[in-house]
Amino acid sequence: MKGVKGKLIKKLKTIKTIGYLKPERILQVNAVDGYFHTSPPKSTPVLSRTPFATIHESPKRNRNENILPLQEPEIIDVSELMKDLEDQETEFYTDKENLRPETTGAKTPDCDNRESFRRPDLNSGTLFDPKLLAAFKQAVIEAKELEAERRSRVFEESILREDSYEPPSKSRKIDQITENPITEFEERCPPGGGESIVLYTTGIRGIRKTFEDCTKIRSLLQNLKVSFSERDVSMHSEFKEEMWRILGGKFVPPRLFIKGRYLGGAEEVLGLHEQGKLKPLIEGIPIDRNEGPCEGCAGFRFVVCFECSGSRKILPENGGESVDCSECNENGVIVCPFCC
């Protein structure tokens, strides 16, 4: 657009200026005399006023001396001007990238040859050229032959692939079936834990981390809906000695045993669960169908001794000194006979 604008300005400069003005719009100025005078139009009368101060007027001049001679206005042909601008604009906006090379003596292709064109016969069954129809049929036949060859080649390759395939041996399948992931863990079986789950915990909150770890493992087994035997070492000293004897040292609960195999403490069990390896280990364990805690012990797994009522002393019927109760433990409780 900048080029077009510049050309338009150049074109307008070639137009001649108007050399006359209207007489009623001429302004006469005399800077030496200190006043100016505008020639009033002919229709309006001039009112004379007495000036406040005496002003030396210049000698009167003829009004016609300052008026330029009248000239006829120049006629401008706008259509010719716009035509020249349109020609220049088309030359400026020519798309040079899409110009085709000039053909020097090149022959037109056969498709443009008018001699090979045959007008369709309106009385015939088809309006197409018979040669064109024959070429189309030949192309369809060749495409069908190529498709048949491709299908036969794919079929032969699939047969060769099936012949070269060897199924896995039966011994390998048997090994995979018989292999149990529980065999990877150390065999340490607590009493009565050959085909069940045994969990050693503590109910004392003296050490906060130990109590929280026990709660995590208990909640995990409850969410998996499997039945397990919980043995609280803080409520029964025999459970504590039993755990130390199996592990060969004074270990801190929680400790989990599944099918006679020792899995470890809280970190090991939670790690197996996060990796998805804990659920295959509990296959075959009975499902816990209890909908709530035990009605006898309310989930504590211990009840007060029925013989001594938790006092650990029994008075003989014929009198005499009291004797220690042989039914309860050191805390005066026994294992719940309903759920354990």
Side-chain angles (χ1 to χ4, degrees), residues 166-204 207-294 296-297 299-302 329 335-340:
E166 295 182 0
S169 60
K170 295 182 179 179
S171 60
R172 187 180 301 174
K173 289 183 178 180
I174 294 172
D175 294 340
Q176 292 178 356
I177 294 172
T178 56
E179 186 178 358
N180 194 349
I182 197 68
T183 56
E184 299 178 1
F185 298 92
E186 185 180 1
E187 184 177 0
R188 291 189 180 185
C189 183
E195 294 295 331
S196 61
I197 299 176
V198 178
L199 175 63
Y200 290 93
T201 61
T202 179
I204 298 177
I207 301 176
R208 182 177 180 179
K209 186 177 184 307
T210 303
F211 179 77
E212 290 179 351
D213 291 344
C214 295
T215 304
K216 290 178 183 178
I217 303 301
R218 186 190 304 110
S219 301
L220 175 61
L221 295 176
Q222 290 175 353
N223 292 332
L224 293 175
K225 299 294 183 181
V226 291
S227 59
F228 61 97
S229 175
E230 183 178 356
R231 301 178 181 180
D232 194 344
V233 298
S234 63
M235 296 292 292
H236 199 26
S237 60
E238 291 183 4
F239 290 160
K240 180 175 63 176
E241 294 174 358
E242 181 181 286
M243 182 185 69
W244 288 354
R245 183 175 66 253
I246 295 169
L247 298 177
K250 295 183 178 182
F251 286 83
V252 178
R255 300 294 162 180
L256 182 64
F257 296 84
I258 297 178
K259 297 179 182 180
R261 302 282 179 167
Y262 173 59
L263 268 68
E267 294 182 1
E268 292 81 2
V269 175
L270 293 176
L272 291 172
H273 178 63
E274 291 176 356
Q275 297 174 7
K277 297 181 180 180
L278 181 61
K279 200 167 185 179
L281 300 178
I282 62 177
E283 292 182 357
I285 302 297
I287 300 174
D288 186 11
R289 301 185 182 277
N290 296 326
E291 296 181 357
C294 176
C297 63
F300 290 98
R301 301 181 186 273
F302 288 94
N329 60 7
V335 177
C336 180
F338 302 102
C339 62
C340 298

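Quick caveat, the model's predicted, so the values are computed rather than measured. FYI, the numbering just counts along the sequence from 1.
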request  = Before giving the answer on side chain to side chain contact (heavy atoms under 4.5 Å, CB included), spell out for R301 and V335 the whole-Å C-alpha distance, their side-chain angles and the decisive distance to 0.1 Å.
outcome  = CA-CA 6 Å; R301 301 181 186 273; V335 177; 5.9 Å; no
task = Check the pair Y200 / I246 against side chain to side chain contact (heavy atoms under 4.5 Å, CB included), numbers first and verdict last.
result = CA-CA 12 Å; Y200 290 93; I246 295 169; 3.9 Å; yes
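Taking the side-chain hydrogen bond (donor to acceptor under 3.5 Å, both in side chains) definition, one finds that H273 meets it with nothing, sequence neighbours left out. Here S227 pairs with nothing under the side-chain hydrogen bond (donor to acceptor under 3.5 Å, both in side chains) rule; sequence neighbours left out. With sequence neighbours excluded, the residues that form a ring-ring contact (aromatic ring centres under 6.0 Å, His included) with F239 are H236. With sequence neighbours left out, R208 forms a side-chain hydrogen bond (donor to acceptor under 3.5 Å, both in side chains) with E212. Partners of C297 under the side-chain contact (heavy atoms from CB on, under 4.5 Å) rule, at least two apart in sequence or in another chain, are C294, V303, C336, C339. Residues meeting the side-chain hydrogen bond (donor to acceptor under 3.5 Å, both in side chains) test with E195, sequence neighbours left out: none. D232 meets the salt bridge (charged side-chain N to carboxylate O under 4.0 Å, His left out) test with no other residue; sequence neighbours excluded.
In this structure the side chain of P181 reaches within 4.5 angstrom of the side chain of L281, judged on heavy atoms. Contact check for I204 versus T210: no side-chain heavy atoms found under the 4.5 Å cut-off. Taking 4.5 Å as the limit, some side-chain heavy atom of I197 sits within range of a side-chain heavy atom of I285.
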Listing, residues 254-264 side-chain donor-acceptor contacts under 3.5 Å, not counting sequence neighbours, or none:
{"residue": "R255", "atom": "NE", "partner": "V252", "partner atom": "O", "Å": "2.9"}
{"residue": "R255", "atom": "NH1", "partner": "Y262", "partner atom": "OH", "Å": "2.9"}
{"residue": "R255", "atom": "NH2", "partner": "V252", "partner atom": "O", "Å": "3.2"}
{"residue": "K259", "atom": "NZ", "partner": "E283", "partner atom": "O", "Å": "2.4"}
{"residue": "R261", "atom": "NH1", "partner": "F185", "partner atom": "O", "Å": "3.0"}

Show me the donor-acceptor pairs within less than 3.5 Å that the side chains of residues 213-223 make with the rest of the protein, sequence neighbours left out.
{"residue": "D213", "atom": "OD2", "partner": "K209", "partner atom": "NZ", "Å": "3.0"}
{"residue": "T215", "atom": "OG1", "partner": "F211", "partner atom": "O", "Å": "2.9"}
{"residue": "R218", "atom": "NE", "partner": "E230", "partner atom": "OE1", "Å": "3.2"}
{"residue": "R218", "atom": "NE", "partner": "E230", "partner atom": "OE2", "Å": "2.9"}
{"residue": "R218", "atom": "NH2", "partner": "E230", "partner atom": "OE2", "Å": "2.9"}
{"residue": "S219", "atom": "OG", "partner": "T215", "partner atom": "O", "Å": "2.9"}
{"residue": "N223", "atom": "ND2", "partner": "S219", "partner atom": "O", "Å": "3.1"}

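Residues in residues 268-277 take part in no salt bridge (Lys or Arg N to Asp or Glu O under 4.0 Å) pair, two or more places apart or across chains. Residue pairs meeting the salt bridge (Lys or Arg N to Asp or Glu O under 4.0 Å) criterion with at least one member in residues 237-252, sequence neighbours excluded, are R231-E242.
Although no hydrogens or angles enter the test, the distance criterion places a donor-acceptor pair under 3.5 Å between the side chain of S234 and the main chain of G203. A donor-acceptor pair under 3.5 Å is absent between the side-chain atoms of N290 and the main chain of G292, judged by distance alone. Of the possible polar contacts, none joining the S237 side chain to the V233 backbone as a donor-acceptor pair under 3.5 Å is found.
Within the model, atoms CD1 of I282 and NZ of K225 stand 12.5 Å from one another, a figure rounded to the nearest 0.5 Å.
Crowding of F338 atom CZ: a count of heavy atoms from other residues, nucleotides or ligands under 6.0 Å not exceeding 12.
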